[in-house]
Amino acid sequence: MRTLRDIHDLRHTLHGHRLRDQRIALVPTMGNLHAGHLALVESARQQADVVVASLFVNPMQFGPDEDLDAYPRTFEADQAQLTEAGCDILFAPTVSALYPNGLTAQTRVHVPEMGEGLCGGSRPGHFDGVSTVVSMLFNLVQPDIACFGQKDYQQLAVIRKLVSDLHMPIEIIGVPIVRAKDGLALSSRNGYLSQQERAIAPALYRTLCELRDALERGESIERVLHQGQTALYDAGFKPDYLELRDTMLGPVANTTRHAVLLAAAKLGPARLIDNLSVQLPAVTDTSH
Ligand code: PAF
């Protein structure tokens, strides 16, 4: 695997692959890799000739009171894991390489509607930061496909809309969530949890499973979501949101059959997110 930090080197290297008509996949990451990231690389490997992973802790997507400084940086271990996973190129630019004029002066990409509410509601500006850096990476790498995890459901929806609205010829692949044996969705932020909090954390997934089962039995959405909030509080979380949306993140209607249950909750220093798909029965109470 080649590690490139420079934009010109990246462009030069990829030009050679493109001349040979090779299919290029991009896996954007912020590093501190775990099995969830490796599943993205694996999916990319299966569908392309050349796999490029990017590693960039993007300051633009962190709010002023968020964990930019604390975000785990494990470059050597990440490099070793990517090599082992069969990644061909690691692109790891510096902040000044991507934002040479600083963040304030930087042109931003805003995806309306899809990026509002849910995580966009509790993290103002977050999806502008994600959309801007991902657009930049798409421009630099010009991949045929790009792989993102389904754990960040809203992020995936925002990126699909971005690519569609800007007519980018890139296929976006959503890769299923990888979970620990106890159900906790893998995340770099799980590392913030104490031993005690880590023991509580799988209750987020368990609660979502119970709520999904109740919804699929046709129980009232309003009642189920209320029970879910209570269950999360009782387990020790501070829920940020718990919502049922249609698969495009619109409101659930009487006719909605395929829905998604989305949750974000604070547990100690970590903000955990998760989601589950729900098949709603034909007759259901949609009162909120
Ligand atoms: O999901 C992430 O790790 C980040 O939001 C991404 C897509 C790499 C953009 O910085």
Side-chain angles (χ1 to χ4, degrees), residues 7 10 25-41 43-44 51-63 66-75 77-79 81-82 85 87 89-95 97-99 103 106-111 114-115 118-120 122-141 143 145-163 166 168 170-178 185-192 262 264 270-275:
I7 287 177
L10 176 77
L26 173 66
V27 178
T29 84
M30 297 206 301
N32 193 237
L33 305 183
H34 50 65
H37 296 108
L38 300 180
L40 304 181
V41 175
S43 170
V51 177
V52 181
S54 62
L55 194 169
F56 181 68
V57 183
N58 173 33
M60 198 191 275
Q61 69 187 74
F62 289 79
E66 293 186 355
D67 56 341
L68 174 62
D69 293 337
Y71 200 84
R73 286 149 169 99
T74 50
F75 188 76
D78 293 343
Q79 246 183 341
Q81 291 200 74
L82 288 169
C87 178
I89 297 169
L90 169 60
F91 176 52
T94 59
V95 173
L98 288 200
Y99 301 121
L103 291 188
Q106 175 64 42
T107 299
R108 286 167 194 247
V109 179
H110 175 69
V111 178
M114 202 64 95
L118 303 169
C119 286
S122 25
R123 304 184 67 189
H126 169 67
F127 286 118
D128 289 359
V130 170
S131 305
T132 301
V133 82
V134 168
S135 302
M136 217 183 266
L137 292 167
F138 284 173
N139 250 339
L140 294 171
V141 176
I145 69 168
C147 300
F148 294 86
Q150 288 173 356
K151 182 173 78 68
D152 298 286
Y153 192 97
Q154 189 179 16
Q155 170 172 282
L156 183 57
V158 165
I159 289 163
R160 285 192 198 283
K161 182 155 195 299
L162 161 94
V163 162
L166 299 182
M168 293 179 173
I170 303 171
E171 188 188 344
I172 302 299
I173 313 283
V175 178
I177 298 176
V178 178
L186 298 191
S187 162
S188 302
R189 291 190 166 97
N190 294 349
Y192 297 155
L262 303 119
R271 182 176 177 278
L272 306 180
I273 61 171
D274 204 345
N275 66 82

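Atoms within each ligand, like the ligands themselves, are counted from 1 in listed order. The analysis underlying the following values was restricted to heavy atoms, covering all of them including side chains, and did not include hydrogens, waters or symmetry mates.
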Polar pairs, ligand 1 vs protein, N/O only, below 3.5 Å.
residue: ligand 1; atom: 1 (O); partner: Gln155; partner atom: NE2; Å: 2.8
residue: ligand 1; atom: 5 (O); partner: Gln61; partner atom: NE2; Å: 3.0
residue: ligand 1; atom: 5 (O); partner: Gln155; partner atom: OE1; Å: 2.7
residue: ligand 1; atom: 10 (O); partner: Gln61; partner atom: OE1; Å: 2.6

* Under the salt bridge (Lys or Arg N to Asp or Glu O under 4.0 Å) rule, collect the residues that match up with Lys151, sequence neighbours excluded. =>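 Partners of Lys151 under the salt bridge (Lys or Arg N to Asp or Glu O under 4.0 Å) test: none.
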* Counterpart residues, side chain to side chain donor-acceptor pair (under 3.5 Å), relative to Gln61 (two or more places apart) ->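 By the side chain to side chain donor-acceptor pair (under 3.5 Å) rule, Gln61 matches Asn58.
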* **Residues in side chain to side chain donor-acceptor pair (under 3.5 Å) contact with Asp128, at least two apart in sequence or another chain** =>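 Asp128: side chain to side chain donor-acceptor pair (under 3.5 Å) contacts with His110.
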* To do: To the nearest 0.5 angstrom, please state how far the CG atom of Leu162 sits from the CD atom of Gln155.
  =>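 Answer for the CG-CD pair, Leu162 versus Gln155, is 11.0 Å.
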* pair Leu68-Glu66: side-chain heavy atoms closer than 4.5 Å ->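 When only atoms from C-beta onward are counted, Glu66 and Leu68 do not touch, as no gap falls below 4.5 Å.
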* Within the side chain of Asn32, is there an N or O that forms a donor-acceptor pair under 3.5 Å with the backbone of Thr74? ->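 Here the side-chain-to-backbone pair does not exist.
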